[in-house]
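Okay, so here's the structure we're looking at.
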Amino acid sequence: MERRSIVVLAGGFGGAKLAHGMALIADEAAIDLSVIVNTGDDLEVHGLSVSPDLDTVMYTLAGLANTDTGWGVRDETWSASAMLDGYGAPVWFRLGDRDLGTHIGRTKLLRDGRRLTDVTAALTHGLGIAARLLPMTDERVRTHIRTAEGWLDFQEWFVRRHHADPALEVRFEGIESAHPTPEVAEAIARADLIVFAPSNPFVSIGTILAVPGMLTALMAAEARIVAVSPIVGGAALRGPADQMFASLGGESSAAGVARHYLGLHPGLLDAIVIDRQDASSAPEIEALGLRVQVAQTVMTNDAERAELARAIVSEA
Ligand code: FO1
């Protein structure tokens, strides 16, 4: 079988699960997998560079993910955090002891002048991951959310305030100076299929698409582009995507997701995968000019991750 290049655009939780499904079928389906990951959630904590979405995808692909929290490493301990708390350092953004090793390693390599892309390659190599994990850009981009209280850093809004404040506006600080990396541009150009993971359309996939040149690269690609709806039965499986449709505009539904992406660029998508629960909205989405595939998009175990990946790869 000829090998196929699959490119997945991903945020954290949903993106990691789908990327893992692709990795599970990589041998049987002869897939070379590249995952382009949102870095707008990145932050500095205790002087360390933390890349939450890259790490969620990385730990998931390495079989190290903490499935209780949905972020961080499994079998985690919290001794360093307890010490920091004792020193009066803010610990609302919790870094476990094992996770700290990643951030120390990343920060050292970045301070040595290496690009985030190369640092990520070194970390994934260290964990024995076969897929290519590609930060969307090597430049610093930081997502900010405007609320009734004013502008908040992404993690301040998401973690510290539990994304309870309605998001009134989103901005990506630094995005004007960002570029897709050569590795990202090359992966998109030679892809056989490009997949938008069931991640947040505003602050995960939306951040990646906001990198100047990204939409142009995607539109120029020969590959078909397929989105997986992160909205099932009108609600986000996890996180604030549904609330964000309500406060930023649009409809929290599979059709709303399709309209959102087509609103960024007409013709951006060729197809959308929606959950069985939303099967009745297929005609409405087909009327937008998209092919619709109905599948089980809720992934509760490895078999369901692999099954969804197989369904998506059939779109190539
Ligand atoms: N999410 C939380 O809800 N609470 C935390 O304390 C927290 C710490 C954390 C540390 C490292 C990391 O890689 C992720 C972490 N996350 C935490 C998850 C993360 O902030 C969000 O889930 C993503 O940014 C949204 O995709």
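In each ligand, atom 1 is the first atom listed, and ligand 1 is the first ligand listed.
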**Message:** Parallel, tilted or perpendicular, judged at 30° and 60°: which one describes the rings of F245 and H260?
**Reply:** perpendicular

**Message:** Please identify which of these residues, E173, E44, Q155, meets the side chain to side chain donor-acceptor pair (under 3.5 Å) condition with R142.
**Reply:** E44

**Steps toward side chain to side chain contact (heavy atoms under 4.5 Å, CB included) verdict (W71, N66)** = CA-CA 6 Å; W71 49 268; N66 183 332; over 6 Å; no

**Message:** Check for me whether F13 has a heavy atom closer than 4.0 Å to any atom of ligand 1.
**Reply:** no

**Asked** Who's the nearest protein heavy-atom neighbour of atom 23 (C) of ligand 1, and how far?
**Response** D41 OD2, 3.6 Å

**Message:** Tell me the contacting part of D99 for ligand 1: side chain, backbone, both, or neither, using a 4.0 Å heavy-atom threshold, strictly below.
**Reply:** side chain

**Prompt:** With a 4.5 Å heavy-atom cut-off, do I175 and P212 have their side chains touching?
**Reply:** yes

**Message:** I want to know if ligand 1 touches D55 in the polar sense, i.e. an N/O pair below 3.5 angstrom.
**Reply:** no

**Request:** Decide salt bridge (charged side-chain N to carboxylate O under 4.0 Å, His left out) for R224 and E315; before the verdict, give the C-alpha distance in whole Å, the side-chain angles of both, and the deciding distance to 0.1 Å.
**Result:** CA-CA 8 Å; R224 304 182 78 202; E315 294 288 336; 3.3 Å; yes

**Option whose closest heavy atom lies nearest to atom 3 (O) of ligand 1, chosen from W92, W71, Y59** = W71

**Asked** For ligand 1, is any non-hydrogen atom under 4.0 Å from N200's backbone (N, CA, C, O), its side chain (CB onward), both, or neither?
**Response** neither

**Request:** Compare every heavy atom of S199 with every heavy atom of Y261, then report the nearest pair and how far apart it is.
**Result:** OH-O, 4.3 Å

**Asked** What residue and heavy atom of the protein are closest to atom 13 (O) of ligand 1, and at what distance?
**Response** P52 CA, 3.3 Å

**Prompt:** Could an N or O of ligand 1 be found under 3.5 Å from any N or O of Q155, whether backbone or side chain?
**Reply:** yes

**Item:** Per-atom contacts, ligand 1 versus L95 - under 4.0 Å to a heavy atom
**Value:** 10 (C), 11 (C)

**Asked** Are any of the N/O atoms in R94 less than 3.5 Å from those in ligand 1?
**Response** yes

**Complete:** for atom 22 (O) of ligand 1, nearest protein heavy atom and its distance come out as F158 CE2, 3.6 Å

**Asked** Heavy atom under 4.0 Å from ligand 1: found in D53's side chain, backbone, both, or neither?
**Response** side chain

**Request:** Would you please test E139 and T137 for side-chain hydrogen bond (donor to acceptor under 3.5 Å, both in side chains) and show each step?
**Result:** CA-CA 5 Å; E139 280 89 27; T137 183; 2.8 Å; yes

**Message:** If I take atom NZ from residue K17 and atom OG1 from residue T56, how far apart are they, to the nearest 0.5 angstrom?
**Reply:** 12.0 Å

